[in-house]
Student: 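My structure is below; once you've seen it, I'll send some questions.
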Amino acid sequence: INPPSNPNTDVALQVWADKSGNGYDLAQNTAANQPTWRFNTGINALGSVEFDGTDDWLETAFAALSGLTDVTVFYVAANDVSPDGPVLWGYDSTAGNSTNAWQVAGADAPGSLTGESFSLASNGNVAGTTNADYTLGTDIVTITQTTALSTLRVNLTARTLSLGNPAQDLTPSAAVGGNADTLRVGGDDLTTQSVFDGMIGEIIIYDRVLNATEIDQVECYLNLKWYL
């Protein structure tokens, strides 16, 4: 996160600046829908972005997601309610209220998504795993996905994904990004909107599947930075 111009104050966050150099700054121009920058009451007393679980979200045009076949996602988040809404939501802005969207950390019912979509609870548990779904906590979540395989790690530990319903969501037959051209953080674009309630500290997205050594390096960086 690039903090606001006055990072030592809790303020409404209009822009979450992209540090990759690609210009994918997340923005929210409507004051009522802006999350809050918490400068010393965030995750483990570090600066974090708080989403109120009602109507806060940020988004950016993200054409790189459309047709993407390989992706690695890391995020650090602490959810306040269980179940919770999506941390990341990629959708086709020309379709409107898309139900066939790319999402991470959604709380949809098992089997409710199809094609290139998949759904993970905000603590990293996928609907249908042997792990308890939607428990509260702060986690480093690592996801890799291709058109043939998804993998999941939570707090540096591999999790086993379900082989049953919704297996079609975990092993998508289409491009990972589908037709999505917009990335939203903290909520979806559905008519009955689902929103995230909690803190998000950091999000890292790669347009390829990282190897095991690279994943370890990023996870160690996040673990040390966020004291997890």
Side-chain angles (χ1 to χ4, degrees), residues 1-66 68 71 73-81 84-98 101-107 120 122 138-141 143 177 180-207 218 221-222 225-226:
I1 298 171
N2 279 346
S5 56
N6 184 4
N8 297 322
T9 304
D10 289 353
V11 296
L13 189 65
Q14 183 177 6
V15 177
W16 182 341
D18 175 22
K19 299 178 73 173
S20 72
N22 293 312
Y24 295 127
D25 296 346
L26 294 157
Q28 176 57 264
N29 293 321
T30 301
N33 301 125
Q34 292 172 354
T36 302
W37 165 257
R38 299 294 184 190
F39 83 97
N40 67 353
T41 56
I43 296 172
N44 288 333
L46 296 176
S48 306
V49 180
E50 182 178 29
F51 294 80
D52 65 5
T54 302
D55 55 8
D56 289 354
W57 50 270
L58 301 163
E59 72 177 22
T60 183
F62 199 67
L65 189 59
S66 180
L68 191 64
V71 66
V73 175
F74 302 87
Y75 71 84
V76 176
N79 54 316
D80 292 338
V81 299
D84 212 343
V87 169
L88 300 176
W89 176 269
Y91 70 98
D92 181 356
S93 62
T94 65
N97 303 129
S98 174
W102 180 80
Q103 66 171 316
V104 173
L120 297 170
S122 53
T138 301
D139 295 300
I140 298 171
V141 177
I143 298 154
D181 62 6
T182 304
L183 181 67
R184 181 173 292 192
V185 172
D188 59 37
D189 75 319
L190 302 180
T191 302
T192 304
Q193 187 181 38
S194 178
V195 291
F196 179 76
D197 187 349
M199 299 273 190
I200 299 176
E202 191 157 350
I203 299 168
I204 303 173
I205 302 175
Y206 289 89
D207 60 356
V218 177
Y221 151 74
L222 293 172
K225 177 178 178 179
W226 294 96

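The basis for the numbers below is simple: all heavy atoms, side chains too, and nothing from hydrogens, waters or symmetry mates.
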Student: Can you name the side chain to side chain contact (heavy atoms under 4.5 Å, CB included) partners of Asn44, sequence neighbours left out?
Tutor: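 Partners of Asn44 by the side chain to side chain contact (heavy atoms under 4.5 Å, CB included) criterion, ordered by chain and then number, come out as Tyr227, Leu228.
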Student: Phe196 and Gly198: which non-hydrogen atoms are nearest, and at how many Å?
Tutor: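 Shortest heavy-atom separation between Phe196 and Gly198 comes out as CE2-C, 3.5 Å.
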Student: Quick check on side chain to side chain contact (heavy atoms under 4.5 Å, CB included): which of Asp207, Ile205, Ile143 does Val71 satisfy it with?
Tutor: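 Result for side chain to side chain contact (heavy atoms under 4.5 Å, CB included) with Val71: Ile205.
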Student: Among all residues two or more places apart in sequence or in another chain, which pass the side-chain hydrogen bond (donor to acceptor under 3.5 Å, both in side chains) test with Tyr206?
Tutor: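 For Tyr206, no residue satisfies side-chain hydrogen bond (donor to acceptor under 3.5 Å, both in side chains) once neighbours in sequence are set aside.
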Student: Output all residues satisfying side chain to side chain contact (heavy atoms under 4.5 Å, CB included) with Tyr24, sequence neighbours left out; order by chain, then residue number.
Tutor: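 For Tyr24, the residues satisfying side chain to side chain contact (heavy atoms under 4.5 Å, CB included) (neighbours in sequence not counted) are Asp18, Asn22, Thr60, Phe62, Ala64.
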Student: Applying side chain to side chain contact (heavy atoms under 4.5 Å, CB included), can you list everything that pairs with Thr54, at least two apart in sequence or on another chain?
Tutor: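 Expected list: Asp52.
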Student: Has Glu202 got a side-chain atom pairing as donor or acceptor with Val76's backbone, closer than 3.5 angstrom?
Tutor: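 Side chain of Glu202 to backbone of Val76, a donor-acceptor pair under 3.5 Å: no, none is there.
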Student: Stepwise, does the side chain to side chain contact (heavy atoms under 4.5 Å, CB included) test hold for Trp16 with Val49?
Tutor: CA-CA 9 Å; Trp16 182 341; Val49 180; 4.0 Å; yes
Student: Test your reading of the model: is there a side-chain donor-acceptor pair from Asn33 to the backbone of Asp55, 3.5 Å cut-off?
Tutor: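 Judged by distance alone, yes, a pair lies under 3.5 Å.
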Student: According to the salt bridge (Lys or Arg N to Asp or Glu O under 4.0 Å) rule, which pairs have a member within residues 35-47, sequence neighbours left out?
Tutor: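 Sorted result for residues 35-47: Asp10-Arg38, Arg38-Glu50.
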Student: I'd like to check Phe39 versus Val11 (side-chain heavy atoms, cut-off strictly below 4.5 Å). Are they in contact?
Tutor: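 They are not in side-chain contact.
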Student: Kindly write out the residues that satisfy side-chain hydrogen bond (donor to acceptor under 3.5 Å, both in side chains) with Gln34, not counting sequence neighbours, or none if the list is empty.
Tutor: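 By the side-chain hydrogen bond (donor to acceptor under 3.5 Å, both in side chains) rule, Gln34 matches no residue at all.
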Student: Do the side chains of Tyr221 and Ile204 get nearer than 4.5 Å, heavy atoms only?
Tutor: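 Result yes, sub-4.5 Å side-chain heavy-atom pair found.
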Student: Is Ser48 reaching over with its side chain to a backbone N or O of Leu46, donor-acceptor style, under 3.5 angstrom?
Tutor: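 Pair found, side chain donor or acceptor close to backbone of Leu46.
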